[in-house]
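Just so we're clear, the structure is a prediction, and the values are computed from it rather than from any experiment. Along the sequence shown, residues carry numbers from 1.
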Amino acid sequence: MHTAVLHWLAAQLGPDTDPDDLAQRYERLGSARAVVDEMLHERIAALLSEPLRVTVNGVATIDHSANVAALERRLAQIGIQPAPDDGLTGTPEVVMSILLVPRSRR
């Protein structure tokens with residue numbers, strides 16, 4: 001994995017993400033976008049496995065629903081943004097050329 005890919009993954013997932021874990025996932029999945037996708041889905045699943053809102057009457061309320069929404073928005077943004085290894089994944093780029101022919105003006 002290139003350092004540019006590692007820096008991009010850290011920027012998407014946070015600086016506390018284990019680089020060794022990122023490298024292993026990258027080797028298994030083959031693209032940076034797939035690594036981010038998998039890790040964000042895991043984070044969403046972890047939040048959903050617990051109650052999203054807990055209230056102790058008169059004392060405190062803890063609500064994680066905004067965190068789930070933020071992770072889902074981040075996941076949608078990742079699909080739009082270019083990843084540093086997008087050209088390396090084997091997806092061909094389409095190049096088009098148009099022949100311009102001069103025309104008489106009348």
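In the hydrophobic cluster analysis, where Ile, Leu, Val, Met, Phe, Trp and Tyr join through side-chain heavy atoms closer than 4.5 angstrom, Val54 is grouped apart from Leu47.
Contacts classified as salt bridge (Lys or Arg N to Asp or Glu O under 4.0 Å) and involving residues 6-21 (residues at least two apart or in different chains) are given here: Asp21-Arg25.
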>> For a side chain to side chain contact (heavy atoms under 4.5 Å, CB included) check, start with the C-alpha distance between Asp37 and Leu75, then their side-chain angles and the critical distance, and finish with the verdict.
In response: CA-CA 7 Å; Asp37 188 59; Leu75 194 58; 3.2 Å; yes
>> Between Trp8 and Val36, does the side chain to side chain contact (heavy atoms under 4.5 Å, CB included) criterion hold? Intermediate values first, please.
In response: CA-CA 10 Å; Trp8 186 81; Val36 172; 3.7 Å; yes
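Qualifying side chain to side chain contact (heavy atoms under 4.5 Å, CB included) partners for Ala34, counting only residues two or more places apart in sequence or in other chains: Leu29, Ser31. Under the side chain to side chain contact (heavy atoms under 4.5 Å, CB included) criterion, Thr61 pairs with Arg53, Thr55, not counting sequence neighbours. Residues forming a salt bridge (charged side-chain N to carboxylate O under 4.0 Å, His left out) with Arg28 (at least two apart in sequence, or on another chain): Glu38. Under the salt bridge (charged side-chain N to carboxylate O under 4.0 Å, His left out) criterion, Arg43 pairs with no residue at all, not counting sequence neighbours.
Here Ile62 sits alone; no ILVMFWY side chain lies under 4.5 Å from its own, so it joins no hydrophobic cluster.
Rounded to the nearest 0.5 Å, atoms NE2 (His2) and NE2 (His7) are 12.5 Å apart. Here CG of Leu48 is found 10.5 Å from OG of Ser65. Values are rounded to the nearest 0.5 Å.
When the options Leu22, Asp85, Val5, Leu40 are evaluated for a side chain to side chain contact (heavy atoms under 4.5 Å, CB included) with Val35, the one that passes is Leu22.
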